[in-house]
Amino acid sequence: MGKSRNLAAVLVCGAAMLAGAAEARAAAKCTAYEQRVARQIKEGKALLKQESFRKWIDAGLQTKAPYNKKPYTGYIKWYGQFDKLSNAKAGAEQVKFLEKYGFTASAAYSVIQGYALNGKLTSPVDMDFEKKMNAFPCL
């Protein structure tokens, strides 16, 4: 009985390692732009767990006091990255990304904002973006 448990544990660990390796290979195939979008989405999902983040979004992304102090200054940096992903320099990359995945970085922000404001998505457009975002292989 002990050997079969050990074998089962080894098989489970091996499967987990293979799954992790597959994710790493998938992420390695992503362009730099795709990796930046993925990082923004991951960070946004993590930020949603913070009450102060939801409060900041609800307050209209304000930069005035007390929003000019941590943790809000970190949120401003995160938000600013969406501008960089959506600016004119990233234009060609945005178009390729939209054509390939069916959503943009700003659409990802809209999904995160929807959860921050309402605890759920209320817009059918955002719901569609979220499906495409969740299927994004670079996450």
Side-chain angles (χ1 to χ4, degrees):
M1 198 59 123
K3 287 185 180 182
S4 64
R5 283 188 200 177
N6 288 342
L7 179 59
V10 167
L11 291 174
V12 168
C13 289
M17 287 175 40
L18 288 174
E23 283 181 26
R25 278 193 305 276
K29 292 179 183 179
C30 299
T31 67
Y33 183 84
E34 292 167 342
Q35 289 174 3
R36 289 173 48 209
V37 172
R39 184 173 44 249
Q40 284 299 105
I41 293 169
K42 288 176 187 175
E43 288 176 12
K45 287 180 176 182
L47 290 172
L48 282 172
K49 297 175 184 171
Q50 299 176 22
E51 176 64 31
S52 55
F53 177 74
R54 292 188 304 275
K55 178 181 173 186
W56 178 72
I57 292 279
D58 191 41
L61 315 173
Q62 296 181 26
T63 56
K64 63 182 183 183
Y67 301 106
N68 61 351
K69 298 181 175 93
K70 285 188 177 185
Y72 303 104
T73 52
Y75 305 156
I76 293 168
K77 270 187 186 174
W78 171 81
Y79 180 72
Q81 289 301 311
F82 282 106
D83 283 339
K84 290 180 182 177
L85 290 168
S86 301
N87 69 20
K89 288 182 183 177
E93 289 175 300
Q94 286 181 79
V95 171
K96 286 181 203 173
F97 187 90
L98 175 62
E99 290 172 344
K100 188 172 182 179
Y101 299 109
F103 73 99
T104 62
S106 58
Y109 171 78
S110 182
V111 168
I112 292 165
Q113 181 186 37
Y115 278 110
L117 292 173
N118 306 309
K120 63 181 181 175
L121 296 179
T122 57
S123 160
V125 172
D126 282 346
M127 290 175 193
D128 183 55
F129 286 147
E130 181 184 37
K131 286 179 191 170
K132 293 172 180 173
M133 199 171 85
N134 288 338
F136 181 42
C138 299
L139 287 177

Enquirer: Please determine whether residues L98 and M127 belong to a single hydrophobic cluster, defined as Ile, Leu, Val, Met, Phe, Trp and Tyr linked transitively by side-chain heavy-atom distances below 4.5 Å.
Expert: no

Enquirer: Suppose we screen for salt bridge (charged side-chain N to carboxylate O under 4.0 Å, His left out). Which residues come up paired with R36, at least two apart in sequence or across chains?
Expert: none

Enquirer: Are the side chain of E130 and the backbone N or O of I112 linked by a donor-acceptor pair below 3.5 Å?
Expert: no

Enquirer: Quick one: list whatever passes side chain to side chain donor-acceptor pair (under 3.5 Å) with K132, sequence neighbours left out.
Expert: D128

Enquirer: Of all the heavy-atom pairs spanning A105 and V37, show the shortest one and how long it is.
Expert: CB-CG2, 4.2 Å

Enquirer: What's the spacing between E51 CD and D58 CG if we round to 0.5 Å?
Expert: 9.5 Å

Enquirer: Report the residues that fulfil side chain to side chain contact (heavy atoms under 4.5 Å, CB included) with E34, sequence neighbours left out, ordered by chain and then residue number.
Expert: C30, T31, F97, K100, Y101, F136, C138

Enquirer: Can you name the residues that form a side chain to side chain contact (heavy atoms under 4.5 Å, CB included) with V95, not counting sequence neighbours?
Expert: E99

Enquirer: Nearest 0.5 Å, please: how far is CD1 in I76 from CD in Q81?
Expert: 13.0 Å

Enquirer: With sequence neighbours left out, write down each residue that passes side chain to side chain donor-acceptor pair (under 3.5 Å) with S106, or none if nothing qualifies.
Expert: T104

Enquirer: Closest heavy-atom contact between A107 and F129?
Expert: CB-CD1, 3.4 Å

Enquirer: Donor-acceptor pair, distance only, cut-off 3.5 Å: does the side chain of Y109 make one with the backbone of Y79?
Expert: no

Enquirer: What pairs with K131 under side chain to side chain contact (heavy atoms under 4.5 Å, CB included), at least two apart in sequence or on another chain?
Expert: none

Enquirer: Got a sec, which residues hit side chain to side chain donor-acceptor pair (under 3.5 Å) with E43, two or more places apart in sequence or on another chain?
Expert: none

Enquirer: Do L117 and V111 sit in one hydrophobic cluster, given that two such residues count as connected whenever their side-chain heavy atoms are within less than 4.5 Å of each other, even indirectly?
Expert: yes

Enquirer: Compile the donor-acceptor pairs under 3.5 Å between side chains in residues 118-125 and protein atoms, sequence neighbours left out, one pair per line.
Expert:
unit_1 : atom_1 : unit_2 : atom_2 : d
S123   : OG     : V125   : N      : 3.2
S123   : OG     : D126   : N      : 3.2

Enquirer: Taking only residues two or more places apart in sequence, or in another chain, which ones meet Y75 in a ring-ring contact (aromatic ring centres under 6.0 Å, His included)?
Expert: F53, W56, Y72

Enquirer: Indicate the atoms forming the closest heavy-atom contact of L48 with A116, along with that distance.
Expert: CD2-N, 3.6 Å

Enquirer: Not counting sequence neighbours, list each pair that qualifies as a salt bridge (charged side-chain N to carboxylate O under 4.0 Å, His left out) and has a residue in residues 70-92.
Expert: none

Enquirer: Name all residues meeting the side chain to side chain donor-acceptor pair (under 3.5 Å) criterion together with N134; count only those two or more places apart in sequence or in a different chain, and write none if there are none.
Expert: K45

